[in-house]
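Here's the structure we're looking at; comments come further down.
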Amino acid sequence: MNGNPIADLRERAVTVLRANDRGGYTVPAAGLYPFQWNWDSCLVALGWACFDEARAWREIETLFAAQWPDGMVPHIVFHRDDPGYFPGPGVWATGREPASSGITQPPVAASCVRWMLERARDRTAALAAARRLFPKLLAWHAWFHSVRDPEGRGFVVTVHPWETGMDNSPAWDAPLAAVTPPPDLLPYERRDLAHVEAAQRPTRAEYDRYMTLVQLFRELAYDPAEMVTRSPFLVVDPATNAILLRADRDLAALAETLGERAVLPGIRRWIRRAETALPRLLADPGSGLWQAFDLRAGRRIGVRTHAGFLAFLAGLGDDRMADGLESWAAASRFALSSVAPSDPTFDRRRYWRGPVWPVTNFLIGRGLEESGRSRLARRLRRDTAALVARGGFREYFDPLDGTGLGGSGFGWTAAVWLAWVDQPERDRGPDEASDPPK
Ligand code: GLC
């Protein structure tokens, strides 16, 4: 500690990543999340890259070592079992080595690889790592665009709320309510409530439905096409789709850098299709905000969650969305609440139903910065800084009073601090270069 609060936080962020390091992968939070999570790992690598590039590349390579032969990259890799977490490898029973879950998560990997390559101090090592990862990234994207978009409609489908990374979002209430737990739902015991207060976690009824879907997928032996055909939960998630579109753009940039030109026309086709399909399917006509679409019910889900603002990350944000974001941010002391404060489902302390998530502030903030909306981006960055400075590297925060919630010593919160909040000026817009956190 040197008495400079920002430098202290940098050191503390490094300490969090080192403490969560299990040798080649980083757990999101000791206790609560004791394995390797897909999008956590990729984003955590951005934090590692700020002080140990070799370790950062290793994080992503360890994740891709668990890629399935068909290209899918699982949402959790169980490198070693831990009785403190449910559902663990025995419940998923995917029969993979290393053991993993049988569903995926938002594909941020290609974007993180590009980010790391472009900022690498050791360019030679970075190019070698990017070259090793490139075919694996391509295979994962190809899996999304074929298995999860079998008709080539320009959007990918999601079969479980956990695949969206925003597990308990109120956007999933209606499609989840249509999932009926079978009479033979296997009994189970949750472990999350041993770590975090029940009021900040999903309810029993929701958990029964999460497990109903897991049980179905297991019965289908994780056949990817059958999962799409048979899942009673089938949605088009704005976050997954915006992140994939962005990642396709980054994959194309990587292909250029690495001289992999032959694959460019295919990637560009994915991009063009998504650019046309996503606004058409997801944009709410009134506000322009992207909202999830329930394919089983055949309608857009009218809940206003921050997932829609990831359109900025995908390069498809517009002024109407920016105006909406501005008033949304103005309605709480700390931005950006995961659900609009004026939405009837807003719940300031419950998981994905209102709290601020530093990691989504980062992803939305980057999109805003890149589209020249630096004032709004600054609001997100400053609020993230203020929340972490007050409450530490927590999983999420109350948007009204800033209370830190969920897990502590959280990996991606520390990474977001290192890679974004406490970034050198070259990554910022012109009017915010020397902006101190509030
Ligand atoms: C929760 C979050 C998910 C995250 C995981 C580990 O399940 O909803 O997005 O990947 O925790 O942090």
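For ligands, and for the atoms within them, numbers begin at 1 and follow the listed sequence.
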Rounded to the nearest 0.5 Å, the CZ atom of R246 sits from the CG atom of L251 at a distance of 12.5 Å

Just verifying a value: how many Å separate R350 CZ and S338 OG, rounded to the nearest 0.5 Å?
12.5 Å

Taking the inter-plane angle between the rings of W92 and Y222 on a 0 to 90° scale, is it parallel (under 30°), tilted (30 to 60°) or perpendicular (over 60°)?
tilted

Report yes or no: does W352 have a heavy atom closer than 4.0 Å to ligand 1?
yes

Does Q105 come within less than 4.0 Å of ligand 1, judged by its heavy atoms?
yes

Give me the one residue out of R96, E163, H75 that meets side chain to side chain donor-acceptor pair (under 3.5 Å) with S101.
H75

Is it the case that atom CZ in R230 sees more than 12 heavy atoms from other parts of the structure closer than 6.0 Å?
no

Please work out whether any backbone atom (N, CA, C, O) or any side-chain heavy atom from C-beta onward of F410 is under 4.0 Å from ligand 1, and answer side chain, backbone, both or neither.
side chain

Among all protein heavy atoms in this structure, tell me which lies nearest to [atom], with the distance rounded to 0.1 Å.
| atom | answer |
| --- | --- |
| atom 1 (C) of ligand 1 | Y351 OH, 2.9 Å |
| atom 7 (O) of ligand 1 | D167 OD2, 2.8 Å |
| atom 9 (O) of ligand 1 | G165 O, 2.5 Å |
| atom 10 (O) of ligand 1 | D40 OD1, 2.5 Å |

Ignoring angles and geometry beyond distance, decide whether W39 reaches within less than 3.5 Å of ligand 1 through its nitrogen or oxygen atoms.
yes

